[in-house]
Amino acid sequence: MSIGMTTLSLFLIFFIFLFLGVPISVSILLSSITTAILAGLTWDQIQFIAMQKMNSGIESFSLLAVPLFILAGNIMNNGGIARRLINFSQIFVGNIQGSLLHVNALGNMFFGALSGSGVAAASAMGGTVYPVEKEQGYNPELATAVNVATAPAGLLIPPTSAPIVFSTVAGGISISAMFMAGYVPGIAMALIAMIIGYRQAKKANLPAMGRPANVGRVVWDAFPSLLMIIIVIGGIVGGIFTATEGAGIAVLYTLILSIIYKSINLKSLGRILLKTAETSGVVLFLISASSVMSWVMAYTGIPEAISDGILGLTSNKYIIFLLMNIILLLVGMFMDITPAILIFTPIFLPIAQSLGMSPIHFGILLIYNMCIGTMTPPVGSILFVASGISKVKLENLARTLVPFLLANLVMLLLITYIPQLVLFIPQAMGLL
């Protein structure tokens, strides 16, 4: 079978299983095994190599950080943190017109960075802020759109698991550099939404809620939560501990904080551990299954074939980067961030590097594309969570969300063609 037919069969079979509702990890395995059979491997060979690859795919010390950060996020989601961060955000934007929109945006940025989950941020912040917005006469579509457009920022602002997964797949990529490179794009994503929200708020003459009366008390309440970012990121970047050790410290810190806040007990801790085990099992099995697909692609020469095909279209690197973004945006509409990183990093990273793009730059570019995907149907997880909280119909939300999506596309192009937007912080800190 030709490489072109092998490539087509792999992705065609994968998307057929996906549209039939088969879990994505199982779809990856089935399409990989089917393609290996079509490529002429025997069943015994496939069994032996696939089991070996599935085991070695998750046999990484760095990947231990993923379930630990998930656990830290789940502990944090369990109590009190969202309200404290909302009050803290109000200090900065309380006097701005449409301030609840900006509180939602800043809250998502802080909470997403602490929990490492855009869905958790959209749920916690939307669930807390939206009832107040509704009470004060905010347009439900606008309030929901701001929540949708800012929750993914937490997938870029560290500590978060996406850069760790990318670093593991890409091999030899500094997690510290990836973390630092995510700050500007993540903050920009939230600021874009705040600017658009402010313009809409002025048109609708929305009120400002004012700053909290006791600023000192609000800062004191929020400081312990925000201190976790300083401790974890400072320790990782400063070389005091690894990302995995930092994740363990984050778990211990959030657990102690929750005990102090009296937001956790043995019963709720049991539920949190069970939820973490379920989520971690899904993520790690996904990584394990993707290792089989990576092996099949390498064996059949699919990455090289795609690379040759794209490079054969044009020698202009700017057009090639644009094509990569278009493909990744389409992928983000149908696929979650972790499988997209696992599948498309081996395909596109060699192309990007051959054209002079830093792997750190490419990693953030890939994650930003997938962040936009969480805002778009048919599989946009944050879109559905946020609209579910506000009970806004998707068809009504779509029109309001368009300016936010367009602004993010412009930001994506800026990130693509101005590498320093991503690289200047890690370079300044001597991480590159």
Any donor-acceptor pair under 3.5 Å linking the side chain of [X] with the backbone of [Y]?
X      : Y      : answer
Tyr198 : Gly98  : no
Ser99  : Asn95  : no
Ser31  : Ile28  : yes
Ser307 : Pro303 : no
Thr374 : Pro152 : no
Ser294 : Ser290 : yes
Ser56  : Gln52  : yes
His361 : Ile418 : no
Arg211 : Ile91  : yes
Ser291 : Ile287 : yes

Could you check whether any side-chain heavy atom of [X] comes within less than 4.5 Å of a side-chain heavy atom of [Y], counting everything from C-beta outward?
X      : Y      : result
Asp336 : Thr338 : no
Phe17  : Val26  : no
Leu156 : Tyr183 : no
Ser225 : Phe110 : no
Ile175 : Pro163 : no
Leu29  : Met54  : yes
Met375 : Ile382 : no
Phe179 : Ile157 : no

Does the ring-ring contact (aromatic ring centres under 6.0 Å, His included) test come out yes or no for Phe92 and Phe88, once each step is laid out? CA-CA 8 Å; Phe92 303 99; Phe88 181 71; 5.2 Å; yes
For the pair Phe11 and Phe344, name the ring-plane relationship: parallel under 30°, tilted 30 to 60°, perpendicular over 60°.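 Parallel, since the angle between the ring planes stays under 30°.
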Item to complete: Kindly determine whether Ile196 and Val146 satisfy side chain to side chain contact (heavy atoms under 4.5 Å, CB included), including the steps that lead there.
Response: CA-CA 9 Å; Ile196 296 171; Val146 169; over 6 Å; no
Can you measure from [atom1] ([X]) to [atom2] ([Y]) and round to the nearest 0.5 angstrom?
X      : Y      : atom1 : atom2 : answer
Gln353 : Met357 : CD    : CE    : 10.5 Å
Leu412 : Asn369 : CG    : CG    : 4.5 Å
Met297 : Ile347 : CE    : CD1   : 4.5 Å
Met411 : Ile372 : CE    : CD1   : 10.5 Å
Ile343 : Met293 : CD1   : CE    : 4.5 Å
Ile310 : Met324 : CD1   : CE    : 7.0 Å

[X] and [Y]: which non-hydrogen atoms are nearest, and at how many Å?
X      : Y      : value
Pro67  : Ser280 : CB-OG, 3.2 Å
Ala193 : Thr150 : CB-CG2, 3.3 Å
Tyr138 : Leu100 : OH-N, 3.4 Å
Gly182 : Pro185 : O-CD, 3.5 Å
Val93  : Leu106 : CG1-CD1, 3.7 Å
Pro339 : Leu286 : CD-CD2, 3.4 Å

Show your reasoning for whether side chain to side chain contact (heavy atoms under 4.5 Å, CB included) applies to Leu383 and Thr376. CA-CA 7 Å; Leu383 175 69; Thr376 56; 5.7 Å; no
inquiry  = Under the criterion side chain to side chain contact (heavy atoms under 4.5 Å, CB included), I'd like the reasoning laid out for Leu413 against Leu322: C-alpha separation, chi angles, the key distance, then a yes or no.
reply    = CA-CA 8 Å; Leu413 291 175; Leu322 181 62; 4.0 Å; yes
Q) Hey, mind stepping through Ile192 and Phe404 against side chain to side chain contact (heavy atoms under 4.5 Å, CB included) and telling me if it holds? A) CA-CA 7 Å; Ile192 285 167; Phe404 296 91; 5.6 Å; no
query = If you count the non-hydrogen atoms of other residues, nucleotides and ligands that lie under 6.0 Å from OH in Tyr417, is the total more than 12?
reply =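 Check passes, neighbour count above 12.
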Are Asn104 and Tyr130 linked by a side-chain donor-acceptor pair shorter than 3.5 Å?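 Note: Asn104 and Tyr130 side chains miss the donor-acceptor criterion.
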